[in-house]
Amino acid sequence: MESGKRGLEAAWNKALEQIEDEVSEQEFATWFRGVEYAGGTDSQLQLSVPNSFTKDQLTQRYLPKIEEKLAELTGEDVSVKLSVQRKRSREAAEEAPTAPKKAEEAPGRARRQHPQLNREYTFERFIIGESNSFAANAALAISKNPGTGYNPCLIYGGVGLGKTHLVQAIGNAVTREFPDLKVAYVTVEAFANEFIQSIQKKAGHQFKNRYRSVDVLLIDDVHFLEGKEGTQEELFHTFNALYDANKQMVFTSDRPVSEIRSLSDRLRSRFERGLNVDLKPPDYETRKAILNRKIEEKKIGIPDEVVTLICRNITTNIRDLEKALTKLMAYSELVNKTITLEVAQQQLKDFFPQMGGKNITIEGIQRIVAEYFGLTHKDLRGKRRTKAVAFPRQVAMYIARDLTEFSTTEIGSEFGGRDHTTVMHGCQRVEDRLKVDPILEVALQNLLKKIREHNVQ
Ligand code: ADP
Ligand code: MG
């Protein structure tokens with residue numbers, strides 16, 4: 001019988017082969033390329049992984065599979081321990097002659113601001129939520145080990161979701177942490193323009209040298225490569241040169257690579273070779289966290305109910321959230337008015353296309369809310385005060401206040417002639433409950449969606 005240790009290493013190698021057969025080439029390259037056998041006892045296999053990001057992803061995605069295979073191969077229960085291990089410096093220096101120097105190892109350099117990067121786009125300012133955590137963590141991992149892990153990386157997602165922010169955050173972090181590395185950031189449009197000009201000026205080689213001599217190349221908006229054959233060709237050669245030299249490349253696109261039309265197959269396959277991560281539209285919680293952070297940064301006073309109003313109604317992307325905030329700030333500055341819920345509703349009308357205060361009626365809201373709670377709209381308009389009716393009524397008032405421009409007095413009159421203080425009290429009750437009851441938040445989101453859909457028809 002083989003000794004436990006050697007048997008385990010052999011079993012691991014075998015398991016790795018099997019996994020390679022089972023997962024896609026890209027998946028395998030992304031998650032398993034940097035994993036190494038790091039020792040073991042009879043019942044425990046130790047693997048070293050290049051960074052925490054890989055460790056977390058492997059644990060979540062593949063650990064059970066690996067353990068299952070090892071159990072089959074060895075006939076015993078084997079647990080797997082993953083640990084992040086930096087290569088010993090000598091080894092690292094041998095393997096990667098250009099191993100980046102960290103800032104603290106290169107003293108005496110003033111902090112540079114990179115000319116092509118916006119200094120505001122940093123990781124510190126990027127709020128991570130469920131919708132963007134995969135992409136954000138990948139970007140963070142890249143910024144800590146450029147060129148060694150996820151290369152190339154392509155971040156894709158719709159407009160205003162943070163692609164440029166993330167890719168520039170990589171650039172800013174690398175510029176700060178590894179002052180010796182040369183970082184280039186360019187949009188595809190600029191890249192294409194420079195390329196064309198370089199041909200006109202017969203300075204093609206200068207252009208080539210510029211992009212082939214960098215350590216980190218960040219190219220934004222590769223979907224604009226559509227139909228640009230010459231630029232594609234040039235980028236293809238740039239890609240190969242950098243890839244062969246283990247230089248980090250990060251691309252962004254507003255759609256998955258497979259959906260970019262008229263992209264040469266060879267460039268497509270290059271983009272798909274590395275890690276492809278997506279940015280999704282932010283969920284309500286993330287929208288709120290982002291907006292609150294922006295408000296904090298700008299040091300402006302905006303009541304919570306206005307933040308809620310904006311985050312409920314602007315669901316598309318973060319740029320739209322920012323636009324709404326800018327508009328409110330401009331208004332309050334120019335007119336010298338504090339930002340109240342009424343001001344916000346009035347000023348942001350165009351941002352909430354579905355809101356259309358004119359089209360949504362209080363009765364419409366009552367019907368949908370009543371149906372949702374298994375009541376009739378007459379119940380909500382009536383006098384009954386039982387709990388079964390009172391709370392749904394308050395929810396309907398709350399929605400009416402948020403979605404329409406009726407005053408609280410007008411709203412009260414549509415709910416059995418109640419006065420405006422009752423409406424305000426009801427809205428407050430809902431707001432209080434929302435803070436402690438996430439299920440109510442979901443219910444409210446559903447109701448708003450129904451009301452809007454109803455209204456669009
Ligand atoms: P894209 O390039 O995908 O169109 P941007 O990166 O330009 O989007 O982002 C639009 C705006 O939203 C920028 O001002 C950016 O700073 C901001 N933004 C995007 N995502 C976040 C986030 N997670 N946290 C904070 N701000 C964000
Ligand atoms: Mg962008």
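Each ligand, and each atom within it, is numbered from 1 in the order the structure gives. Heavy-atom basis, side chains included; hydrogens, waters and symmetry copies ignored.
A tilted orientation is assigned to the rings of Phe207 and Phe195, their planes being inclined by 30° to 60°. Aromatic ring pairs are classed by plane angle as parallel below 30°, tilted from 30° to 60° and perpendicular above 60°; the pair Phe251 and Phe239 is parallel.
For ligand 1, the 4.0 Å heavy-atom shell contains residues Tyr121, Arg125, Phe126, Ile127, Asn132, Gly158, Val159, Gly160, Leu161, Gly162, Lys163, Thr164, His165, Ile290, Lys294, Ile318, Arg319, Glu322.
Side-chain contact between Phe126 and Ile128 is present, with heavy atoms from C-beta onward closer than 4.5 Å. By the 4.5 Å heavy-atom criterion applied to side chains, Pro282 and Leu161 are counted as neighbours.
Taking a cut-off of 2.8 Å, the protein N, O or S atoms nearer than that to the Mg ion (ligand 2) are Thr164 OG1.
In this structure, the separation between CD1 on Ile451 and NZ on Lys449 is 12.5 Å, given to the nearest 0.5 Å.
Both tests hold for Arg266 against Phe236: distance to the six-membered ring centre under 6.0 Å, angle to the ring axis within 45°.
Residue pairs meeting the side-chain hydrogen bond (donor to acceptor under 3.5 Å, both in side chains) criterion with at least one member in residues 272-288, sequence neighbours excluded, are Asp278-Lys280, Asp283-Thr286, Lys288-Thr308.
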Would you mind writing out the side-chain donor-acceptor pairs for residues 434-444 within the sub-3.5 Å range, not counting sequence neighbours?
residue : atom : partner : partner atom : Å
Asp437  : OD1  : Ile439  : N            : 3.1
Asp437  : OD1  : Leu440  : N            : 3.3
Glu441  : OE1  : Arg312  : NH2          : 3.4
Glu441  : OE2  : Arg312  : NE           : 3.4
Glu441  : OE2  : Gln445  : NE2          : 3.2

Working for salt bridge (charged side-chain N to carboxylate O under 4.0 Å, His left out), residues Glu297 and Arg125: CA-CA 9 Å; Glu297 282 170 7; Arg125 285 179 177 232; 3.3 Å; yes

